[in-house]
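Heads up, the thing below is written out as structure tokens.
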Amino acid sequence: MSEQTDNISERLAQLEQRVEELERQVKALQGNPPAAPAVETVVQPQKQQPAESEYKTIYLAAPTPEGVFEDFSEEQQAGKSIYQLSTRDGRNGTFIMLSTPEAVATANISVSQFIKPVCKIMGNSRVMPRRIDTVEEGKATLDGGVWRMLRKAVVAFES
């Protein structure tokens, strides 16, 4: 029973960290600077989590037709950064499409080149969107110095 309680406590702590990261991402997408992480009020399990458990944000440029992100940076680059990846371990991560005006403008240049290799599009993909919302995060893994898409993100176009 104690092991089950420890597992539940550990999972709860992980979910709380994920919620905090998602809240920071929402604020960043809204143009607000990310807030400092909230202070944990839940008693943590006895196990110490390694320092690498902190989320790291990486900005991804256009993918290859095979769904590989060869060009990425720790800083967002206007006109170049189209996707944002969050990773906890530096090897596996989830990504979203940025909804900044620059990312949307870049994506509008060629939906088939910049979006379709790593995203499923909900609704009409023939419209020129003013905004692109990520409905479901994609998954990627670091493989040979590049981020390789494992599961496509799902995006919706808003015109």
Side-chain angles (χ1 to χ4, degrees), residues 10-38 49-159:
E10 187 174 333
R11 181 67 180 143
L12 178 60
Q14 291 171 349
L15 289 171
E16 287 175 339
Q17 288 176 341
R18 183 67 181 138
V19 166
E20 288 175 12
E21 174 60 23
L22 290 172
E23 288 173 346
R24 283 193 291 273
Q25 288 178 6
V26 167
K27 286 183 180 181
L29 291 173
Q30 293 172 338
N32 297 328
Q49 293 186 356
E52 68 181 18
S53 68
E54 295 294 319
Y55 276 99
K56 180 178 180 181
T57 301
I58 298 170
Y59 296 93
L60 310 167
T64 67
E66 295 78 31
V68 175
F69 297 101
E70 296 174 339
D71 191 3
F72 50 91
S73 169
E74 292 185 12
E75 299 292 324
Q76 186 171 351
Q77 300 170 329
K80 187 173 183 182
S81 299
I82 304 174
Y83 297 92
Q84 177 182 310
L85 180 133
S86 296
T87 179
R88 178 174 276 189
D89 62 8
R91 293 181 306 276
N92 300 292
T94 57
F95 66 91
I96 62 169
M97 180 158 188
L98 292 171
S99 61
T100 63
E102 295 87 0
V104 173
T106 301
N108 277 328
I109 293 169
S110 176
V111 170
S112 62
Q113 180 182 357
F114 297 129
I115 299 177
K116 288 186 177 180
V118 294
C119 295
K120 292 179 187 173
I121 301 170
M122 289 179 56
N124 186 358
S125 65
R126 290 177 177 40
V127 300
M128 189 157 284
R130 285 184 292 135
R131 181 174 166 87
I132 301 173
D133 293 322
T134 302
V135 177
E136 185 178 320
E137 294 178 339
K139 287 191 177 185
T141 188
L142 190 61
D143 179 20
V146 297
W147 285 96
R148 187 173 307 278
M149 183 262 315
L150 298 175
R151 184 186 74 213
K152 287 187 174 190
V154 178
V155 297
F157 285 4
E158 283 187 28
S159 50

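What's counted below: heavy atoms across the whole structure, side chains too, no hydrogens, waters or symmetry copies.
Checked against side chain to side chain contact (heavy atoms under 4.5 Å, CB included), K120 has the following partners two or more places apart in sequence or in another chain: K152, V154. Looking at residues two or more places apart in sequence or on another chain, you find a side chain to side chain contact (heavy atoms under 4.5 Å, CB included) between N108 and V104, M128, P129. Taking K116 as the reference, nothing meets the side chain to side chain donor-acceptor pair (under 3.5 Å) condition, with sequence neighbours excluded. Residues that satisfy the side chain to side chain contact (heavy atoms under 4.5 Å, CB included) test with R130, not counting sequence neighbours, are absent from this structure. Annotation: side chain to side chain contact (heavy atoms under 4.5 Å, CB included) contacts of T94 (sequence neighbours excluded): R18, S86, E137, K139.
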**Q.** Residues E102, Q77; criterion side chain to side chain contact (heavy atoms under 4.5 Å, CB included); working and verdict
**A.** CA-CA 9 Å; E102 295 87 0; Q77 300 170 329; over 6 Å; no
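Heavy-atom minimum distance, D71 versus K80: OD2-CE, 2.6 Å. For the residue pair Y55 and R88, the shortest heavy atom distance occurs at CE1-NH2, 3.2 Å. When every heavy atom of G138 is checked against every heavy atom of A153, the shortest pair comes out as N-CB, 3.5 Å. Closest of all the heavy-atom pairs between R131 and S99 is NH1-OG, 3.8 Å. A pairwise comparison of heavy atoms in A107 and I115 identifies CB-CD1, 3.6 Å as the closest pair.
Note that the CE atom of M97 and the CG atom of D133 stand 10.5 Å from one another [nearest 0.5 Å]. Here the OH atom belonging to Y83 is positioned 9.5 Å from the CG atom belonging to L98, to the nearest 0.5 angstrom. In this structure, W147 CH2 and N92 CG are separated by 7.0 Å, a value rounded to the nearest 0.5 Å. Note that CZ of F157 and CD1 of I121 are 4.0 Å apart. Values are rounded to the nearest 0.5 Å. Taking CD1 of I82 as the start and OG1 of T100 as the end, the distance is 9.0 Å to the nearest 0.5 Å. Atoms SG and CZ, from C119 and F114 in turn, are 13.0 Å apart once rounded to the nearest 0.5 Å.
When atom types are taken as modelled, the side chain of T141 and the backbone of R91 share a donor-acceptor pair closer than 3.5 angstrom.
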Just list the side-chain donor-acceptor pairs under 3.5 Å for residues 57-69, sequence neighbours left out, or say none.
| unit_1 | atom_1 | unit_2 | atom_2 | d |
| --- | --- | --- | --- | --- |
| T64 | OG1 | E66 | N | 3.3 |
| T64 | OG1 | E66 | OE1 | 3.2 |
| T64 | OG1 | V68 | N | 3.2 |

